[in-house]
There are 2 protein chains.
Amino acid sequence: MASRPTLKTIADQVGVTVSAVSLALRDDLRISQATRERIQQAAKELGYVYNRHAAGLRRGDSGTVAVCLNDLSNPFFTEFLGHMEARFREADRMMLFCHAHETPSIQARFIRQMAEHGAAGLILVPVAGTTREDLDGAQVRHLQDFPLVLISRDVADTGFDRVINDDVLGIRLLFEHLYEAGHRRFAWFGGGGDTSTARDRECSFRQQMDAAGLPVTRDSVHHGPTTLEFGDAMLERLLTMPEPPTAIMCFSDIIAFGVLAACYRHGVRPGVDISVTGFDDMAAAAYSAPALTSVRVRTDLIGQCASELLLSRMAGERYPPIRKVVPPELVVRASTGPAA
Amino acid sequence: MASRPTLKTIADQVGVTVSAVSLALRDDLRISQATRERIQQAAKELGYVYNRHAAGLRRGDSGTVAVCLNDLSNPFFTEFLGHMEARFREADRMMLFCHAHETPSIQARFIRQMAEHGAAGLILVPVAGTTREDLDGAQVRHLQDFPLVLISRDVADTGFDRVINDDVLGIRLLFEHLYEAGHRRFAWFGGGGDTSTARDRECSFRQQMDAAGLPVTRDSVHHGPTTLEFGDAMLERLLTMPEPPTAIMCFSDIIAFGVLAACYRHGVRPGVDISVTGFDDMAAAAYSAPALTSVRVRTDLIGQCASELLLSRMAGERYPPIRKVVPPELVVRASTGPAA
DNA sequence: CTACATAGTTCAATCGATTGAATAAATACA
DNA sequence: TGTATTTATTCAATCGATTGAACTATGTAG
């Protein structure tokens, strides 16, 4: 029944004031070592639990950071989560987490709530279609000078820090790899969402096609969700064509895995009869059947860089907004080969 | 420069007291509708942001719940996260999140910190080897009567609520499926961690073998981490045996995917030359090459049930600790077939 | 015209930790 | 011995929202 002990409880027990206890528990040298030890001992015995609400109220900092992702079912994003979590734990920051499900209203609500909680910073993979307006004014007036780092997806015209992958380069690497292997008939299985990632990758695909003097027809570009189902279904459709493409570039590994599954069912051999590429190089890409050619997005570097940037902003660093673009790496595996 | 507005700021603006503002913002009927509207209007104009530290200090509830998982790289666990996040969002609870990396010290620290934050409840997938002592006394004296729900993995002798999968049943379903298909030489690729899941599944495997009158030899049981690498490497080893098993049961889909990858490289046809089963039935299982026979762990039901249980405990419900066991479902796909 | 609800608002204490300033005690210095 | 300095601790205000009790009009019943 005894309610949670407070500084007062300890103070009474030891015979000092709350001030002394407060200082002692934080190892302040103003309190003599002897007293400090008695106080810390008593705190332990009483099972004292620090109250961050009280501390946060007085100090204005809650010791938390907020992270908002949009798609947990995609391991690619959980890789980010892992890397950032590690860095924040190191910095002794707790993480408020939100799964926005690509839904603007969820994202907006989370931004408001994390502000209410006094989170000191926010890392955000903006949901598709997020605009500048969504990020400032709208929810939290004081977001203007609030530490906020966008990752993975870019939002134009923001005054925020951003850490993103070089999607244009990634597609170029894959395209060149396929082109050099003799492929001339390409298909693009692209992300349908309104994100910078989807736009940049598809745009880069079209540029490469143009530069190679290859026509982009209605049959070469297909849009859909980033799911296994989409890749699977799309390949089924492609196989009914009179002269199907010999190389399929997918917006994401996830889609490519779907394509591989459909190939397997139809006895089409990826890397021999057809070439398939992914994007992201998630862990499973090395173990698909066959192993998937992809570009490795450096989630580790991006995640670390973003956390670092956020922590430095939180520490009060002032500099113009940074837009960091991290180059990915081509990883050639068995799912691609010379054009038949 | 103007610091964040408070109730006082609004009160001065409108010409009422903080009490009135506090009540009005929460739509308390004690304040006349006219005044309420004026206050709410002013709050909006000033860009007022609710301060949960202040409210939490006074009310003793921060409106957060804590969730601690141990392995983000396994999509199986992020499925839980998704389901719980949805339920908590619905209940207007924020989520403090921790990735314990199977590390007891991280788990312990998180438990302490979430208590400091005044989280109203905790859902935990305990890290391998977690004991009763780790969960009470040790970190937070007041955890005794603290809403805590364990999921996925069980910890013996706790007085806490638990929601877990019926692992024994799952293995039995898979075994019977394989046995009826004529398989008699089995291998078990098992989780190496000290978790109830690893123990229960392996134990069930041994029971089934016994019941079928099949010997469990040194060559039939293999332990390792829940990774693609482990499954891959283990199959390589198995193929060097003079008389390899015809059926391989894996502790997790992840391991099975590694096995399928190795099969593919060696031209061994899963479902024809050898049968492979996973466990969990994560989304990718339907799209592996070939599609994987597995048992579907109802992460949706378990996640929902756990959140529901936690919310009801948080609401003050008192009843003896509940141990809810959710039955999984057999999903037969192409990776298993009649014994050669 | 008094007594009495009733609605609308304010008063004032409270939650628990923090911190700059003040005080007391002990030690050093002249 | 008296004063300056250091060390150890306490005082008291503060952060911002909440809430039971108190107060003040206004209206209603007797």
Side-chain angles (χ1 to χ4, degrees), chain A residues 2-40 42-43 46-64 112-113 115-120 140 142, chain B residues 2-40 42-43 46-64 112-113 115-120 140 142:
Chain A
S3 63
R4 222 163 121 143
T6 70
L7 293 191
K8 182 89 173 52
T9 322
I10 303 174
D12 293 348
Q13 172 93 193
V14 178
V16 290
T17 61
V18 278
S19 320
V21 177
S22 173
L23 293 167
L25 288 182
R26 282 171 297 147
D27 266 325
D28 192 301
L29 295 176
R30 280 176 288 181
I31 303 298
S32 69
Q33 173 145 10
T35 319
R36 245 182 304 154
E37 280 169 2
R38 270 166 55 226
I39 290 174
Q40 289 170 359
L46 289 166
Y48 170 73
V49 176
Y50 186 67
N51 184 330
R52 288 203 191 235
H53 283 313
L57 177 56
R58 179 61 221 257
R59 302 214 298 185
D61 175 19
S62 67
T64 57
R112 178 170 51 69
Q113 288 187 328
E116 293 178 355
H117 270 277
V140 184
H142 299 267
Chain B
S3 63
R4 222 161 120 146
T6 69
L7 292 190
K8 182 87 172 52
T9 321
I10 302 174
D12 292 348
Q13 172 91 193
V14 178
V16 291
T17 61
V18 278
S19 319
V21 177
S22 172
L23 294 168
L25 288 183
R26 282 172 296 147
D27 266 324
D28 192 302
L29 293 177
R30 280 176 288 180
I31 303 297
S32 70
Q33 172 146 10
T35 319
R36 245 184 301 155
E37 280 170 3
R38 269 165 58 225
I39 291 174
Q40 289 171 357
L46 289 167
Y48 170 73
V49 176
Y50 186 67
N51 184 329
R52 288 204 191 234
H53 284 313
L57 176 57
R58 179 60 220 258
R59 303 214 297 186
D61 175 17
S62 67
T64 57
R112 178 170 49 70
Q113 289 188 328
E116 293 178 356
H117 270 277
V140 183
H142 299 267

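All values reported here derive from a predicted model rather than from experimental measurement. So that the names make sense, note that chain A is the first sequence line, chain B the second, and so on, each numbered from 1. No hydrogens, no waters, no symmetry mates; every other heavy atom, side chains included, goes into these values.
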If we fit an axis to the first five pairs and another to the last five of the helix from C:dC1-D:dG30 to C:dA30-D:dT1, what angle do they make, to the nearest 10°? 60°
A:Arg59: side chain to side chain donor-acceptor pair (under 3.5 Å) partners, not counting sequence neighbours: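 Here no residue qualifies.
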Spatial distance of atom [atom1] ([X]) from atom [atom2] ([Y]) [nearest 0.5 Å]:
X       : Y       : atom1 : atom2 : value
B:Ile39 : B:Leu25 : CD1   : CG    : 7.0 Å
A:Ile31 : A:Arg26 : CD1   : CZ    : 10.0 Å
A:Arg38 : A:Ser32 : CZ    : OG    : 8.0 Å
A:Thr6  : A:Asn51 : OG1   : CG    : 9.0 Å

For the residue pair A:Ala54 and B:Leu57, what are the closest heavy atoms and their distance? CB-CD1, 3.8 Å
Closest approach of B:Thr64 to A:His117 (non-hydrogen atoms, all atoms of both residues):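 That would be CG2-CE1, 3.2 Å.
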Using a heavy-atom cut-off of 4.0 Å across all strands, would you classify [X] as base, sugar-phosphate, or nothing?
X       : answer
A:Ser32 : sugar-phosphate
A:Val21 : nothing
A:Arg59 : sugar-phosphate
A:Thr6  : sugar-phosphate

Roughly, in whole Å, what's the span from CG in A:Asp28 to C1' in D:dT10?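 Between C1' of D:dT10 and CG of A:Asp28: 14 Å.
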Beyond-backbone contact of A:Lys8 with A:Asp12, side-chain heavy atoms, under 4.5 angstrom: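 Counting from C-beta outward, A:Lys8 and A:Asp12 do come under 4.5 Å.
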5' priority, DNA chain C, between B:Gly15 and B:Ala54 [closest heavy atom]: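 Nearer the 5' end of the strand: B:Gly15.
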Toward the 5' end of DNA chain C, by each residue's nearest nucleotide, A:Asn51 or B:Ile31: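 This one resolves to B:Ile31.
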Heavy atoms of chain A, cut-off under 4.0 Å: which first and last nucleotide of DNA chain C, 5' to 3', fall inside that, if you could look? C:dG16 to C:dT19
